[in-house]
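Report on the structure given below.
Source: prediction; values computed, not measured. All chains are named by letter (A, B, ...) in the order of the sequence lines, taking the proteins before the strands, and each is independently numbered beginning at 1.
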Amino acid sequence: MNIVVCIKQVPDVPNIRMDKERMTIIRDGVESIINPNDCVALDAALDLRGREGGGITVISMGPPQSEEALREALAYGADRAILLTDPVFAGADTLATSHVLARAIGMLDPIPDLILCGTQTIDSDTGHVGPQVAEELNLPMVSNVIEIHLEDGYLTVKRVHDGFLDTIRIKRPALLTISREMHKPRHLSLADLESAFSNQGILRMGHRELGLSPDEVGFSGSATWVQKLHRPPPKRKGEVLTGTPQFLVEEIIRRLEFLSIIDEEGDNE
Amino acid sequence: MNRQYEGIWIFGDYRNYFQNRVTLQLLAKGKELAGKLETQVTVLLLGYQVHQYAMEYTAHGAHVVMVVDHPALKDYQAETYTLLVADLVDRYRPEIFLAGATSFGREFFPRLAKRLKTGLSADCVALDVDPEKRLLIQTTPAFGGALLAEVVTPNHRPQMATVHPGIFQELLHNASAIVRVLYPEVEILPDERVQLLRSRREQSRDVKLENAPVVVVGGRGVGTKDHFQMLFELAEILGGEVGATRPAIRAEWAEEERLIGQTGKSVKPKLLITVGTSGALQYTTGIRGAETIIAINRDPHAPIFQMADLGLVGEARTVLELLLRELRKRV
Amino acid sequence: MDKALNHRESFISAHHNYLVNNMLTPGFLLGDPNSQEDFFFLADLVLPGEITPRISARLFDSGGRFLLEMGRNRIVENPGRCTHQSASGGFRILYSSGESLLEVNTQHFTNGYLTRIQGKLYDRDGRIRMEPSFDGVHVFGEAQLTLQAPYLFSGTSIGVTGPAKDPIFHVP
């Protein structure tokens with residue numbers, strides 16, 4: 001079966017720095033990783049390929065350095081990688097991003113049976129790209145998948161949704177977003193990485209190759225825009241106490257009483 | 001011809017109604033925003049035999065309830081709802097459309113926004129309007145909540161947003177309310193490509209942890225698996241659940257489902273007690289929403305103390321043992 | 001192209017509704033209770049604090065013969081020798097033959113109530129004015145489908161003192 005995995009390279013940042021003028025994150029000099037949830041989707045793809053055979057294509061829209069993430073995906077075992085990169089893709093919200101991804105996926109040969117995405121990214125957190133790619137490609141979709149069973153022309157999947165465990169039969173081709181719960185830590189050897197970085201070519205496509213006009217993509221093709229970006233106001237001014245364990249415990253108990261988590265002593269008649 | 005867009009719509013996400021209050025919370029906020037825009041709030045309810053929920057929304061502040069009641073809508077289904085609701089939006093043209101960021105909302109609303117070719121912001125933690133420009137100002141977290149983004153949809157309609165549960169406060173139940181109810185004529189086209197075979201209610205740990213009023217989290221500083229067990233006892237006494245950071249899970253003191261943080265769960269309990277955690281960003285993004293945070297760590301310079309309402313510098317094991325002894329006396 | 005706003009409309013109460021023509025409504029009235037001898041059917045508003053519906057009516061059989069008059073759920077005049085039976089969640093009115101004439105049943109929700117009525121009712125001319133549909137009833141002829149304020153009445157004579165807020169309109 002032919003599987004496409006959408007991945008995004010995201011900053012791995014303990015301390016975010018902002019460009020206040022352009023209302024964006026300063027990405028230079030900051031280590032980048034594959035969005036962790038996308039790794040889980042890639043895991044799921046590798047697992048499915050192991051069961052049914054076929055090929056895995058990883059695809060990503062991003063600046064040129066996203067190529068690193070794609071090479072890492074190849075090292076993990078993806079067969080083919082495509083980088084959608086173009087200065088006019090910048091500033092895209094999920095409407096524009098999903099348009100670019102959907103266009104590229106729609107052009108793939110062979111046509112994919114299955115598209116896998118992570119549930120959300122750790123930077124923009126929306127979780128919209130999967131559903132929006134599915135909508136543009138007119139594909140059925142199931143989100144938060146924790147189990148996948150393959151059938152002829154169909155998939156039966158299990159997913160957790162608002163406190164329900166659903167078993168759903170979905171016709172292929174389809175798009176699935178993969179729950180974090182399917183995470184399986186995988187280890188890459190240095191040899192895998194070296195091989196990925198030296199051997200394979202990554203196909204790069206810009207707006208022209210995709211047949212897209214600049215106003216359909218990037219900032220121009222977006223419907224939302226960020227008018228302000230700021231740190232949340234620090235809402236906690238906690239006191240930090242030191243002292244004997246007895247003192248510390250007394251303070252905890254006082255706070256528990258204050259919050260009505262426990263009753264005040266003597267109230268239990 | 002651009003017919004004017006007007007009105008605020010709220011998607012009625014009635015599944016799990018008595019625990020899931022997000023539609024009611026949105027109704028309250030929607031009513032406030034509608035006041036500023038001098039317009040009305042409509043709740044859209046799709047389902048089968050949903051009279052009870054129509055009445056509940058009436059009691060909780062809707063100006064109008066719009067109902068599509070049909071056997072084919074018995075189960076939530078994103079593709080079917082997308083077609084149906086896109087048609088209704090096309091006909092009635094609300095300027096703002098809100099939904100709760102439940103699992104379903106997060107699957108359905110982006111599809112709908114894409115179909116309508118409009119903007120959608122996710123998991124908002126605040127909403128406001130600019131009455132002159134009739135703009136919805138959507139505040140959403142980015143980078144796991146380390147930053148807040150103010151987003152607007154200037155040129156597309158409706159302006160759509162999903163909102164995190166628990167952000168707004170619902171209005172009290174008003175049994176005297178009588179409001180308009182509309183039953184639109186629609187064509188329902190169930191999507192045959194997706195079949196729900198079975199649906200079972202699962203009070204899984206996920207839902208328990210994310211809904212728990214008290215969460216006790218342990219990190220590497222707890223020390224050993226035995227010490228970690230004390231957290232379970234503490235949680236039980238306080239009526240809460242236990243979470244863990246990545247190091248604690250790697251040490252196999254707790255299962256993966258208990259992971260809290262960037263790649264784990266986000267919790268917003270009334271009280272969070274975090275023990276032996278240094279306060280790495282990957283962890284703290286999962287606890288930002290807690291109402292009150294108590295932190296116990298033996299390092300007075302641990303970053304966790306910057307996030308705590310009450311910080312206690314002490315040895316995790318010693319403090320826990322003593323705390324449990326005191327609490328056991330009271331039970 | 002401007003698509004029409006194509007919908008049916010009613011009112012809905014937070015506390016109690018009837019199900020009529022596949023719509024919820026706080027109360028509805030068929031016919032005219034003030035006419036001394038004509039058909040009418042009144043499902044009155046149930047106010048917060050009350051939980052039983054208030055049904056009043058003057059009913060005829062398919063031949064236009066006067067069957068009974070009801071006030072507040074009870075039979076007050078009964079030339080047709082019908083019987084009143086309590087049932088769980090409501091009550092039933094039966095023809096002298098034992099066949100069902102009218103069924104009223106109230107479902108309890110956590111915070112509200114829904115009354116379903118089932119019955120085939122005729123007026124003085126033997127025309128059908130109400131008949132069962134899947135979940136409730138369909139009504140025909142002169143009707144106010146959405147009362148927003150209660151009618152007030154006393155005893156056996158239905159004196160209408162409450163104002164009707166909605167215009168009377170014909171349901172084909």
> Atom CG of B:Leu120 and atom OG1 of A:Thr126: how far apart are they, to the nearest 0.5 Å?
Replying inline: 8.0 Å
>> Let me confirm one number: the CG-NZ distance from B:Leu147 to A:Lys228, rounded to the nearest 0.5 Å.
In response: 14.0 Å
> Taking only residues two or more places apart in sequence, or in another chain, which ones meet B:Ala316 in a side chain to side chain contact (heavy atoms under 4.5 Å, CB included)?
Replying inline: B:Val275
Per-residue contact mode, [X] against chain B (heavy atom under 4.5 angstrom):
| X | result |
| --- | --- |
| A:Leu248 | both |
| A:Arg169 | both |
| A:Leu165 | both |
| A:Thr177 | neither |

>> So which atom in A:Ala223 and which in B:Thr118 form the shortest heavy-atom distance, rounded to 0.1 Å?
In response: CB-C, 3.8 Å
> So, for A:Ile253 and B:Glu326, which heavy atoms are closest and what is the spacing to 0.1 Å?
Replying inline: CD1-CB, 3.5 Å
> Should B:Leu312 and A:Val249 count as side-chain neighbours, where that means a heavy-atom distance under 4.5 Å?
Replying inline: no
> Are B:Arg15 and A:Phe164 close enough that some pair of their side-chain heavy atoms sits under 4.5 Å apart?
Replying inline: yes
> Mind checking which of residues 133-142 of chain A sit less than 4.5 Å from chain B, heavy atom to heavy atom?
Replying inline: A:Ala134, A:Glu135, A:Glu136, A:Asn138, A:Leu139, A:Pro140, A:Met141, A:Val142
>> My understanding is that only residues two or more places apart in sequence, or in another chain, count here; which of them pass side chain to side chain donor-acceptor pair (under 3.5 Å) with A:Asp113?
In response: none
>> Can you list everything that forms a side chain to side chain donor-acceptor pair (under 3.5 Å) with B:Asn16? Sequence neighbours excluded, please.
In response: B:Arg201
